[in-house]
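Heads up, the thing below is written out as structure tokens.
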Number of protein chains: 2
Amino acid sequence: MASQQKTSRKAAAAAIRRPQARAANGRAHAGDAGDDIGLDALVGHAGYAVRRFQLWIFQDFIKTLATVDIRPTQYSVMTVIGANPGLSQMAVAKRLGIERARLVHLLDSLEERDFVSRIPSATDRRSHALHLTARGRSALAQFKRLAAEHERHVADKIGKDNRERLLQILACFT
Amino acid sequence: MASQQKTSRKAAAAAIRRPQARAANGRAHAGDAGDDIGLDALVGHAGYAVRRFQLWIFQDFIKTLATVDIRPTQYSVMTVIGANPGLSQMAVAKRLGIERARLVHLLDSLEERDFVSRIPSATDRRSHALHLTARGRSALAQFKRLAAEHERHVADKIGKDNRERLLQILACFT
DNA sequence: ATCAATTGTTGTCGTCAACAACAATCTTTC
DNA sequence: GAAAGATTGTTGTTGACGACAACAATTGAT
């Protein structure tokens with residue numbers, strides 16, 4: 001493949017020049033940096049819009065909480081544990097739609113930073129009861145303030161009422 | 001960490017039993033499999049809902065187009081090239097918000113399957129003019145039919161009008 | 001007592017975004 | 001027209017993330 005690239009770059013300078021069907025949005029020379037590139041069917045696909053939106057929103061979250069070095073998934077884990085102390089890893093994973101294998105590493109890092117502690121369950125010696133540490137509780141309070149600031153960025157971007165509508169539409173997935 | 005887990009599992013069976021602050025949504029024993037686990041602040045976060053929604057929507061897309069083995073990103077690349085023949089890799093990457101480094105591998109796979117061809121640009125010997133092959137064009141037509149079916153799944157899930165509203169709200173990101 | 005299921009853990013694999021470096025090539029500037 | 005800087009495609013690495021498979025310890029059911 002690399003060699004194929006090399007050879008095709010060097011050799012076939014006289015390329016196949018087909019009459020070439022015109023673009024759906026009719027542009028002359030499509031190679032330049034103009035921003036009038038049509039998306040065709042993509043504009044009707046919710047998945048594309050959602051992907052772009054999630055990219056933006058996650059980047060803003062990470063940037064807004066960069067000072068405390070907390071990522072969206074870590075925030076969601078701490079929030080759920082804070083609201084439901086004593087949950088097992090299984091319960092947290094199921095509730096948040098995270099693989100329990102992945103949650104292991106997430107909790108490892110949060111435990112290293114002394115935000116969360118795994119306490120052996122009194123009733124089931126297989127499972128751990130998850131709790132926030134004192135440090136974790138006060139940290140989470142700060143995270144929530146920063147997350148609220150991030151949420152204001154979202155409202156600024158798409159509009160306050162649109163954000164409300166969005167939350168309502170997607171409520172069935174939370 | 002692994003040893004810490006081992007020891008804590010074996011040793012501290014008599015765990016710390018704090019009086020333990022009650023959960024925000026007031027539950028008795030939080031360790032069981034009940035689905036009444038509160039999300040607390042997460043319900044107000046657009047990012048969380050969007051993440052869950054994107055997970056669902058991408059999985060449905062992949063499943064619906066499994067017979068043709070096309071993933072969302074591949075579909076978006078072929079759609080844009082089909083609508084704008086002759087685009088450079090840079091232009092496609094910028095338009096779709098993909099890293100140009102990542103687009104290289106995407107195009108490699110699409111070129112291997114004879115859906116896309118990189119034709120040396122006549123005006124700029126650095127860049128490639130991207131085109132769909134004849135096989136790529138007819139394949140894309142089928143992909144679009146399947147993608148439309150997927151889009152109906154979305155409408156079934158969140159409601160036809162909600163889907164329209166969603167597309168409208170997120171139009172600024174496409 | 002035995003067998004199936006659950007829980008946490010470890011590991012691998014593939015996708016994806018972000019970055020950095022590089023050669024080839026184009027563009028700008030003197 | 002030659003040097004300096006920018007752009008394009010490519011390669012590679014890193015880290016977050018989802019999916020899956022295996023495993024030991026433990027629990028629950030038969």
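The chains referred to below are lettered A, B, ... by the order of the sequence lines, with proteins before strands, and numbering in each begins at 1.
- Considering only side-chain atoms of A/D124, the nucleotide from C/dG8, D/dT26, C/dT25 that sits closest is D/dT26.
- Comment: B/D161 engages B/R165 in a salt bridge, judged by a side-chain N to carboxylate O separation of less than 4.0 angstrom.
- A heavy-atom distance below 4.5 Å is found between the side chains of A/Q89 and A/L130.
- In this structure, A/K94 places its NZ atom 10 Å from P of C/dG8, rounding to the nearest Å.
- Both the sub-6.0 Å distance and the 45° axial angle are not jointly satisfied by B/K157 relative to the ring of B/F53.
- Here B/R71 reaches the OP1 or OP2 of C/dC16: one of its side-chain N or O atoms lies under 4.0 Å away.
- For A/Q89 and C/dT6, the shortest distance from a side-chain N or O to OP1 or OP2 is not below 4.0 Å.
- Going from atom NE2 of A/H128 over to atom C1' of C/dG8 covers 7 Å, rounded to whole Å.
- Straight-line distance from the CZ atom of A/F61 to the C1' atom of C/dA17: 18 Å, rounded to whole Å.
- Between A/D108 atom CG and C/dG11 atom P the separation is 12 Å, expressed in whole Å.
- Listed for the B/R137 side chain is a donor-acceptor partner under 3.5 Å among the backbone atoms of B/L132.
- With A/T133 contributing its side chain and A/D114 its backbone, the two residues share a donor-acceptor pair below 3.5 Å.
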Using the 3.5 Å cut-off, write out each protein N or O paired with an N or O of nucleotides 2-6 of chain D and the distance between them.
none

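- With A/H150 as the fixed residue, the ring-ring contact (aromatic ring centres under 6.0 Å, His included) test singles out one of A/Y75, A/F61, A/F143: A/F61.
- Put simply, the side chain of A/R118 never gets that close to the backbone of A/H128: no donor and acceptor are under 3.5 Å apart.
- Here the nucleotide nearest the side chain of B/T73, chosen from C/dC26, C/dC16, D/dT10, is C/dC16.
- For the pair B/M90 CE and C/dT25 C1', the interatomic distance rounds to 15 Å; values are reported in whole Å.
- A straight line from CD1 of B/I119 to C1' of D/dG9 spans 16 Å, rounded to a whole angstrom.
- Residues passing the side-chain contact (heavy atoms from CB on, under 4.5 Å) test with B/R113, sequence neighbours excluded: B/D69, B/I70, B/Q74, B/F115.
- Heavy atoms from other residues, nucleotides or ligands lying under 6.0 Å from CD of B/Q168 number 12 at most.
- With rounding to whole Å, A/R118 atom CZ is found 16 Å from C/dT7 atom P.
- Annotation: proximity of residues 96-107 of chain A to DNA chain C (heavy atom, distance under 4.0 Å) is found for A/R100, A/A101, A/V104, numbered in ascending order.
- Rounded to whole Å, the distance from CD on A/Q74 to C1' on D/dG15 is 12 Å.
- With C/dC16, D/dG18, D/dG9 as the candidates, the nucleotide lying closest to the side chain of B/Q59 is D/dG18.
- The phosphate of C/dT15 has neither OP1 nor OP2 within less than 4.0 Å of any side-chain N or O from A/R51.
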